[in-house]
Amino acid sequence: QVQLVESGGGLVQAGGSLRLSCAASGRSFSGYAMGWFRQAPGKERELVAGISWSGQDTYYADSLKGRFTISRDNAKNTVYLQMNSLKPEDTAIYYCAARRSTFYSTEHRDYDYWGQGTQVTVSS
């Protein structure tokens, strides 16, 4: 069992930055690929970024490349999402997810553990 707790969300003006953190507890964190998803009202949950267990392989949604950066610190059992140049359309609840695999997946159903989510609101 892995417990995930996100933090770092909040209200920010367009063009600003936020850094989300996801702290994991329970079983060994390093054996899990991780993903950051988001879900806006009335929309499906989408993968924002994924990272392999080693941190060497990453994935970003095409619309977010260059603005968001995913990273992980296995010694601290934490994965991060640095979000820059935020836009109002980035407003959503952001979820951290863990997958019992060395590699991430773009499908939310492939993830085994989820955090409770953190709200990100970007004002225009």
Side-chain angles (χ1 to χ4, degrees):
Q1 194 79 355
V2 174
Q3 293 79 42
L4 303 173
V5 178
E6 302 98 333
S7 61
L11 174 64
V12 64
Q13 289 188 333
S17 297
L18 284 174
R19 188 193 195 201
L20 304 184
S21 298
C22 173
S25 61
R27 303 191 66 176
S28 175
F29 177 69
S30 63
Y32 288 77
M34 301 297 294
W36 282 101
F37 289 78
R38 70 183 181 185
Q39 188 165 20
K43 295 188 177 181
E44 293 186 355
R45 190 169 298 191
E46 62 172 346
L47 179 66
V48 171
I51 189 166
S52 63
W53 73 272
S54 67
Q56 291 185 334
D57 297 288
T58 58
Y59 166 90
Y60 299 95
D62 286 341
S63 61
L64 302 174
K65 287 180 181 178
R67 295 196 297 124
F68 288 16
T69 303
I70 189 171
S71 61
R72 65 190 295 163
D73 185 337
N74 287 344
K76 295 182 178 180
N77 286 357
T78 303
V79 63
Y80 305 97
L81 184 68
Q82 178 68 43
M83 306 186 294
N84 298 328
S85 303
L86 284 163
K87 304 175 181 180
E89 52 263 42
D90 294 319
T91 295
I93 299 174
Y94 283 71
Y95 298 91
C96 172
R99 183 184 188 217
R100 282 193 300 259
S101 172
T102 57
F103 211 74
Y104 55 79
S105 170
T106 59
E107 298 294 331
H108 64 84
R109 63 179 65 88
D110 291 335
Y111 289 77
D112 302 288
Y113 303 103
W114 291 84
Q116 81 288 351
T118 185
Q119 177 70 47
V120 172
T121 303
V122 184
S123 63
S124 59

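FYI, side chains are in, hydrogens and waters are out, and symmetry mates aren't considered; it's all heavy atoms of this structure.
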Taking every heavy atom of Val79 against every heavy atom of Ser71, the minimum-distance pair comes out as CG2-O, 3.0 Å
**Prompt:** Does the Arg72 side chain pair with the main chain of Gly55, one donor and one acceptor, at a distance under 3.5 Å?
**Reply:** no
inquiry  = In the structure I gave you, are the side-chain heavy atoms of Ile70 and Tyr59 within less than 4.5 Å of one another anywhere?
reply    = no
Side chain to side chain, Ser17 and Asn84, heavy atoms closer than 4.5 Å:
yes
So CG of Leu81 and OG1 of Thr69: to nearest 0.5 Å the spacing works out to 8.0 Å
Correct closest heavy-atom pair for Leu86 and Leu18 would be CD1-N, 3.9 Å
Side-chain donor-acceptor contacts of residues 40-49 below 3.5 Å, not counting sequence neighbours, with atom names and distances?
| from | atom 1 | to | atom 2 | distance (Å) |
| --- | --- | --- | --- | --- |
| Arg45 | NE | Gln39 | OE1 | 3.3 |
| Arg45 | NH2 | Gln39 | OE1 | 3.3 |
| Glu46 | OE2 | Arg38 | NE | 2.7 |
| Glu46 | OE2 | Arg38 | NH2 | 3.2 |

| query | Val2, Tyr80: one ILVMFWY side-chain cluster at the under-4.5 Å cut-off? | reply | no
### Task
State, with a plain yes or no, whether a side-chain heavy atom of Thr91 is found less than 4.5 Å away from one of Gln119.
yes
Between the CG atom in Asn77 and the CD atom in Gln3, the distance rounded to the nearest 0.5 Å is 11.0 Å
Which is it for Arg99 and Tyr104 under the side chain to side chain contact (heavy atoms under 4.5 Å, CB included) test, yes or no, and what are the steps along the way?
CA-CA 7 Å; Arg99 183 184 188 217; Tyr104 55 79; 5.9 Å; no
Residue pairs meeting disulfide bond (SG atoms under 2.5 Å apart), one or both in residues 73-124, sequence neighbours left out, come to Cys22-Cys96
Val5 and Gln116 have their tightest heavy-atom pair at CA-OE1, 3.8 Å
In short, Tyr95 meets Gly115 closest at the heavy-atom pair CD2-O, 3.7 Å
Minimal heavy-atom distance between Pro88 and Ala14, with the atoms involved, is CD-CB, 4.1 Å
Any donor and acceptor pair, going by atom type alone, linking the side chain of Gln13 with main-chain N or O of Ser123 inside 3.5 Å?
-> no
Value for NZ (Lys87) from OG (Ser63), rounded to nearest 0.5 Å, stands at 8.0 Å
Apply side chain to side chain contact (heavy atoms under 4.5 Å, CB included) to residues Asp90 and Met83 and explain how you reach the verdict.
CA-CA 9 Å; Asp90 294 319; Met83 306 186 294; over 6 Å; no
Nearest heavy-atom approach of Leu4 to Ala24 is CD2-CB, 3.6 Å
- prompt: Between Arg100 (side chain) and Tyr113 (backbone), is there a donor-acceptor pair under 3.5 Å?
  reply: no
So the ring pair (Phe, Tyr, Trp, His ring centres under 6.0 Å) pairs with at least one residue in residues 30-55 (sequence neighbours excluded) are Phe37-Tyr111, Phe37-Trp114
Are Phe68 and Val12 co-members of a hydrophobic cluster defined by side-chain heavy atoms under 4.5 Å apart?
yes
Before you tell me yes or no, could you show the steps for Glu89 and Val122 under side chain to side chain contact (heavy atoms under 4.5 Å, CB included), namely the whole-Å CA-CA distance, both residues' side-chain angles and the distance that decides it to 0.1 Å? CA-CA 8 Å; Glu89 52 263 42; Val122 184; over 6 Å; no
